[in-house]
Each structure stands twice: as C-alpha cells, then as structure tokens.
Amino acid sequence: MDTRHPYFNLPDFTQPSPPSTPASLPSNQHHRCRPSDATKGLFVALLGGGLSAGFVGPFSRMAYQTSHLPSLELLIFRCLFHLPIALLLKFRGDPLLGPRDVRGRTFLHAMLNVLSIGCAYSAVQVVPAGNAVTVRKGSSTVCSALLALCLESQGLSGYAWCGLFGSTLGLIIIVGPGLGTLQEGTTGLYTALGYVLAFLGGLALSLGLQVYRSLHFPSCLPTVAFLFGLVGLTVSVPGLFVLQTPVLPQDPLSWSCVVAVGLLALVSFVCVSYAVTKAHPALVCAVLHSEVVVALMLQYYVLYETVAPSDIMGAGVVLGSIAIITVQNLSCEKDGQMEE
C-alpha cells in the first residue's frame, strides 16, 4: 500500500496534541505593555498632586488679601472637606481610626501633615506665594531623599540623582535672590520667619510621607485622609481663638477661594498619598515641583505680583528636571511578565 498518499499523511487525532508554545500565541499579547507602578505613581503625582496643589497657595493668599482670613481658619475649612470620608469608612465597615496596632502611626502621620499645612499657610501670608511653595517643596525633596537613604537604604539611579539635583538647583535659582535681599528690621524678620516656616513645612511633609509608607492595611488611604481632618480640627480650632482672630468671609471671592482650596488640597492629598506607595518618595517630591511653576504663573497673572527673570529661569530648570525624572522612569511591563 502506498503510504505516500495525502490521506495517510493526516495527523493522528487520537493522540493528545503537544502544548502550544508561546510563539503560537498572538503577538499582541506579548507586545502589549502596561505602565509600571513607578510610572503610574509619578504621573498621578504630576497631574493630580502637583498641578492641583499649585493653585492652593495663590488662592490662600487671595483669601487673605480679600478678607484677611487667618491661616488656622483656612486650615479649618480645609479639614472640613476631609470629614465626609468617614461615611465611606462606615459604609465599608472599617474602623475610623484604623487598626489598633497602627493607630499611633496614623495619628503621627496626621499630626505631621497638619503641621506641614499650617506652616505653609502661615508662610504664604508673609512671603510671595511662589517663593513659599518653592522653599517648602525644595526642603521636602532633599529631606525625603536623605530619609529614604538612611531609613530604607533605597538607591537611586544616576538619572534620578541628576533630576533631583536639577530640581533643587532650580528652586535655589528661584528663591536665592529673594533671600539675599531681606530687609532689616521688623519686615525682614517676618519675611525670614516665613521662609523658615516654609522649610519646616517641607520637613514635616517628608516625615509624613515616610510614616505613610510604613502603613499597610486595606483602608489606609481613606483612614489617613479622615484623620487629617479630625486632627486638624482638634488642633486648629482652639489655636484659632487663642493665637488669631476668627474672620467670617464676606464676599463671594473669598468663599470661592476657600472652597477651591479645600477641594484642590483634598485631591492633591489623595494623589500624593497614592503616588508615594508606587514610587520613591524623593522622586515624588521632585515631580511635585510642578506646583512651583503653577504657583509662579498664578502669582504673575492672577495676583499681579512681580516674577523676576531668575524665577523664570528656575522654573525652566525645574521643568527640565521633572522631564528627566519622568522619562527615566517611563517603563512598561508586558502582560506575560505581569502574570508571572
């Protein structure tokens, strides 16, 4: 019998077929990429954290200029926007104060954030909004890098260090001329105090980010957001009546600024808290320098405050550094790698 006939060359269907190799899979399943955690964290910090927070400082200054709202009262209004998160925690059946074993750290995180925001709001009332934001962000970036190296032993690539150095240099270019021309007497003392408060605000922010990275429980983000509002109200309400004079906003512009500050600050808080769990805290703080550029633009176009050539030059250096950090961390994970 001639077995060379095509009929006899058919495959034997009674035998199990060999397992398919990866080469037989469609090519789009291998080359389809998804952004890595670090990439997603940096983009969330840039778009949700930095850009929205850039409006907070100028709007706070507008509220102070129109109605002379004290900083603690502005902090109270901001904390009120965090309290409705308690409804979400109750709906999910989670404890409002977090698990018992981490409540100390959650309260410490809330205290550090309240201290950071209080220092920032006080600083923008005595120094230009752009300069106050610049000093706060610069100190938070430097302190976050040092704390991450000392506490977590996390290394950074050469591109990341280049971006951190460039962003810090840009901030120095922005704020350096102002620090060198401080006036003598009471005015100069208040200005210097404003810069010190801005620096302390950045230091408290970096400490708060490190504390947040140590928290690991399912409802971590809504819990710390609610505790920020609770602790902020507990601290700022007595302090307002002891240290400052309460003022009720009278005009629609002041109320609009207060509402905008509360909403934008809440968005920035949530985005930064999410981003710091995905990417290095120093890189997140460096990407948040976009807040400085937004604040400088609003300072010039909305507040009609002078923007020096050094401010423009420093803003350009900051944007270039953010581009270096972002592009260096742009990476994707293939679907097959993610499944493994």
| field | Step-by-step side chain to side chain contact (heavy atoms under 4.5 Å, CB included) determination, Phe43 to Val287 | value | CA-CA 9 Å; Phe43 272 108; Val287 171; over 6 Å; no
| said: Is there a continuous path of hydrophobic side-chain contacts, each under 4.5 Å between heavy atoms, that joins Val114 to Val267? | reply: no
| Should Leu88 and Leu96 be regarded as members of a common hydrophobic cluster, given that ILVMFWY residues are connected when their side-chain heavy atoms come within less than 4.5 Å of each other, either directly or indirectly? | no
| remark: Separation between CE (Met111) and OG (Ser116), nearest 0.5 Å, reads 12.5 Å
| Given side chains that start at C-beta, do those of Ile76 and Leu233 come closer than 4.5 Å, heavy atoms only? | yes
| field | Gap between atom CZ of Arg61 and atom OG1 of Thr66 - 0.5 Å precision | value | 12.0 Å
| note | Between Ala279 and Val284 the two heavy atoms that sit nearest each other are CB-CG2, 4.0 Å
| message | With a 4.5 Å cut-off on side-chain heavy-atom distances among I, L, V, M, F, W and Y, is there a chain of contacts connecting Val135 to Val196? | response | yes
| Would you say the side-chain atoms of Ser122 pair up with the backbone N or O of Cys119, donor to acceptor, closer than 3.5 Å? | no
| remark: Result for ring-ring contact (aromatic ring centres under 6.0 Å, His included) between His82 and one of Phe226, Phe228, Phe77 points to Phe228
| said: Counting only heavy atoms not in Tyr274 (residues, nucleotides, ligands), do more than 12 fall under 6.0 Å from its OH? | reply: yes
| field | Leu205 and its side-chain contact (heavy atoms from CB on, under 4.5 Å) partner, picked from Ser140, Ser139, Cys143 | value | Ser140
| query | Do Leu115 and Val235 belong to the same hydrophobic cluster, where Ile, Leu, Val, Met, Phe, Trp and Tyr are linked whenever their side-chain heavy atoms lie under 4.5 Å apart, directly or via other members? | reply | no
| query | Is there side-chain contact between Pro70 and Val247, with at least one heavy-atom pair below 4.5 Å? | reply | yes
| Do you know the tightest heavy-atom contact between Leu112 and Gly208? | CD1-N, 3.6 Å
| task | With side chain to side chain contact (heavy atoms under 4.5 Å, CB included) as the test, would you mind laying out the steps for Tyr212 and Thr277 before giving the verdict? | result | CA-CA 8 Å; Tyr212 181 77; Thr277 61; 3.4 Å; yes
| request: For Thr234 and Leu230, indicate whether the former's side chain and the latter's backbone hold a donor-acceptor pair under 3.5 Å. | output: yes
| message | Distance alone, cut at 3.5 Å: any donor-acceptor contact between the side chains of Ser254 and Asp251? | response | yes
| task | To the nearest 0.5 angstrom, please state how far the CG atom of Leu80 sits from the CG atom of Leu266. | result | 12.0 Å
| query | Would you say the side-chain atoms of Ser256 pair up with the backbone N or O of Pro252, donor to acceptor, closer than 3.5 Å? | reply | yes
| said: With a 4.5 Å cut-off on side-chain heavy atoms, are Leu89 and Pro95 touching? | reply: no
| remark: For Gly232 and Cys79 the tightest heavy-atom approach is CA-SG, 3.5 Å
| Do Val102 and Arg105 touch side chain to side chain, with heavy atoms closer than 4.5 Å? | yes
| Atom CG of Leu227 and atom CG of Leu108: how far apart are they, to the nearest 0.5 Å? | 11.5 Å
| field | side chain to side chain contact (heavy atoms under 4.5 Å, CB included) between Val56 and Ser60, worked out | value | CA-CA 6 Å; Val56 174; Ser60 303; 4.0 Å; yes
| request: Check whether any side-chain N or O of Arg136 sits under 3.5 Å from a backbone N or O of Ala120 as a donor-acceptor pair, and report yes or no. | output: no
| said: What I'd like to find out is whether the side chain of Leu209 reaches to under 4.5 Å of the side chain of Val272, using heavy atoms alone. | reply: yes
| query | Are any of the side-chain heavy atoms of Leu42 and Lys278 separated by less than 4.5 Å? | reply | no
| field | Ser310 to Ile173 - nearest heavy-atom pair and separation | value | O-CG2, 3.4 Å
| message | Just checking Arg100: does its CZ atom have more than 12 heavy atoms from other residues, nucleotides or ligands closer to it than 6.0 angstrom? | response | no
| Please walk me through it: do Phe59 and Val258 pass side chain to side chain contact (heavy atoms under 4.5 Å, CB included)? | CA-CA 8 Å; Phe59 284 170; Val258 169; over 6 Å; no
| message | When you compare the side chains of Gln250 and Ser67, does any donor N or O come within less than 3.5 Å of an acceptor on the partner? | response | no
| Atom of Leu288, atom of Gly50 and distance for their closest heavy-atom approach | CD2-N, 3.5 Å
| Hey, does the side chain of Ser268 reach the backbone of Ala265 with a donor-acceptor pair shorter than 3.5 angstrom? | no
| field | Side-chain heavy atoms of Ser236 within contact of Leu72, under 4.5 Å | value | yes
| note | Heavy-atom nearest pair, Phe269 first then Val224, reads CZ-O, 4.0 Å
| Tell me, do Tyr64 and Leu74 make a side-chain contact under 4.5 Å, heavy atoms counted? | no
| said: I'd like to know if the side chain of Arg213 reaches the main chain of Val276, judged simply by a donor and an acceptor atom lying under 3.5 Å from each other, with no hydrogens or angles considered. | reply: yes
| Which value, rounded to the nearest 0.5 Å, describes the distance between Leu69 atom CG and Trp255 atom CH2? | 8.5 Å
| message | To the nearest 0.5 Å, what is the distance between CZ on Phe81 and CG on Leu264? | response | 9.5 Å
| message | Is there a path of hydrophobic side-chain contacts, each under 4.5 Å between heavy atoms, that joins Leu97 and Phe217? | response | yes
